[in-house]
Asker: 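Got a structure for you, questions after.
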Amino acid sequence: MRFTLIKNVKQDKGMKPLLNGLLIFITLYLIFDIFVKSHTLGLSVTMVHTTLFGNADEFLDPMNKSVFLEFIHMQIFFLMMLLLTLSAVFIRLLHKKAKVILTVNLVMVFGLLTPLTLFGTYFSSTEFISLYLFCFFIWHSIAFYMSSRALWELNFAK
Amino acid sequence: MPNKAYKYAVGYFLLFSILLLLSGALIFSDTIGFSYESVQNYYLGNAASFTPSKSFDGLLKIVVPHIFAFGLFIMVVLHFLLFTCKRNTKEIQIIIYTSFITASLELFSPFLIVSGFDFFIYMKVFSFFLFYFVILYTIFILFKSIIYN
């Protein structure tokens, strides 16, 4: 995280394009992740329920426990690396602005709740599905705001 | 203010790490198991339960993405120790070497189990627990540092 040591990141000829590239890739990931999730797990209560628990009427099998655990394990890994990187860049570029800590707290809390509520859905109660979807969309929205705001700050803000 | 915000980000990252370790432990217990027999049956197969033995190709498919993920995870978690009072101590060196050695044993012992070295069944389970202990201890040090320093 060399960018935390450079005094003026906006003027640095090396760090500026590097951070621009990273932020653009993070933004793209956030957008495409929604499409991927809509195909793999579903983005509505009914679809998530069918993917996890199957549907006897449509002859759809439920998701295997080990497959589910592997899925959630991978999601946590991606989520933690993405949110740490994004938060580090966001804090570095906008540390003088108000509500930076609030934004970081919100994205992290909803990010943490996303796998936890999915875990709760599979092992405890299907009531968690709507909470999972709510957390999923909220962390995506906040992360999208963070990457766009950081891009704006890096390139256009005075 | 940036330091405070970084502390929050690192704190949440550590919570994610605990969640990752928890899901990893659940996968281990669900698919492999922690007893000698269950590890043996998982890797070498069991005729009674119609479980086939694991092939080198199958093991490689699991191990390859984990090599990168383990390296990255250990590096990211452990590099935060450099910002604590443990920097430049003997303890941090022991933690770093133990993490990478136990992670390597955890990753590569299945190949030796399949090759007929039964001793590595114990190594697989032992390295798993030692790796978890070292990472959880590191997380504890980091949380303590975030809260008190």
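Convention: sequence-line order gives letters A, B, ...; per-chain numbering from 1.
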Asker: How about CZ on B:F34, more than 12 heavy atoms from neighbouring residues, nucleotides or ligands closer than 6.0 Å, or not?
Answerer: yes
Asker: Is atom CZ of A:F123 surrounded by more than 12 heavy atoms (other residues, nucleotides or ligands) closer than 6.0 Å?
Answerer: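 Yes, CZ of A:F123 has more than 12 neighbouring heavy atoms, counting only those of other groups under 6.0 Å.
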Asker: In terms of heavy-atom pairs under 4.5 Å with chain B, which of A:I76, A:V104, A:L79 leads?
Answerer: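 Option with the greatest count: A:I76.
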Asker: I need the B:F13 CZ to A:T85 OG1 distance, nearest 0.5 Å.
Answerer: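 Result: 8.5 Å between the selected atoms.
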Asker: Most heavy-atom pairs under 4.5 angstrom with chain B, which of A:F77, A:F119, A:F68?
Answerer: A:F77
Asker: For the hydrophobic clusters of this structure (ILVMFWY residues joined by side-chain heavy atoms under 4.5 Å, transitively), does one cluster hold both B:Y137 and B:F80?
Answerer: yes
Asker: Can you confirm whether B:F16 sits close enough to A:M108 that some side-chain heavy atom of one is under 4.5 Å from a side-chain heavy atom of the other?
Answerer: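 Heavy-atom side-chain distance check passes, below 4.5 Å.
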Asker: Search all heavy atoms of A:H73 against all heavy atoms of B:S23 and return the closest pair with its distance.
Answerer: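 So the two residues come closest at ND1-OG, 2.7 Å.
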Asker: Take atom CZ of B:F56 as the centre, draw a 6.0 Å sphere, and report whether it contains more than 12 heavy atoms from other residues, nucleotides or ligands.
Answerer: yes
Asker: Can you measure from OH (B:Y8) to OG1 (A:T103) and round to the nearest 0.5 angstrom?
Answerer: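 Going from the OH atom of B:Y8 to the OG1 atom of A:T103 covers 13.0 Å.
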Asker: Is it the case that over 12 heavy atoms from other parts of the model lie below 6.0 angstrom from the CZ atom of B:F126?
Answerer: no
Asker: How long is the gap from CG on B:D30 to CD on A:E70, to the nearest 0.5 Å?
Answerer: 9.0 Å
Asker: If you count every heavy atom of other residues, nucleotides or ligands that lies below 6.0 Å from A:F144 atom CZ, does the total exceed 12?
Answerer: no
Asker: Is B:Y12 close to A:M80 at the side-chain level, that is, under 4.5 Å between some pair of heavy atoms?
Answerer: no
Asker: Kindly check if the number of other-residue, nucleotide or ligand heavy atoms within 6.0 Å of OH (B:Y36) is above 12?
Answerer: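 Yes, the 6.0 Å shell around OH holds more than 12 heavy atoms from other groups.
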Asker: Report which part of A:L112 has an atom under 4.5 Å of a heavy atom belonging to chain B: side chain, backbone, both, or neither.
Answerer: both
Asker: Would you mind telling me which of B:L20, B:V76, B:L22, B:L72 has the largest number of heavy-atom pairs within less than 4.5 Å of chain A?
Answerer: B:L20
Asker: In chain order, what residues pass the ring pair (Phe, Tyr, Trp, His ring centres under 6.0 Å) check against A:F137, with sequence neighbours excluded?
Answerer: none
Asker: Measuring from atom NZ of B:K7 to atom CD1 of A:I101, what distance do you get when rounded to the nearest 0.5 angstrom?
Answerer: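 Interatomic distance, B:K7 NZ to A:I101 CD1, rounded to 0.5 Å: 11.0 Å.
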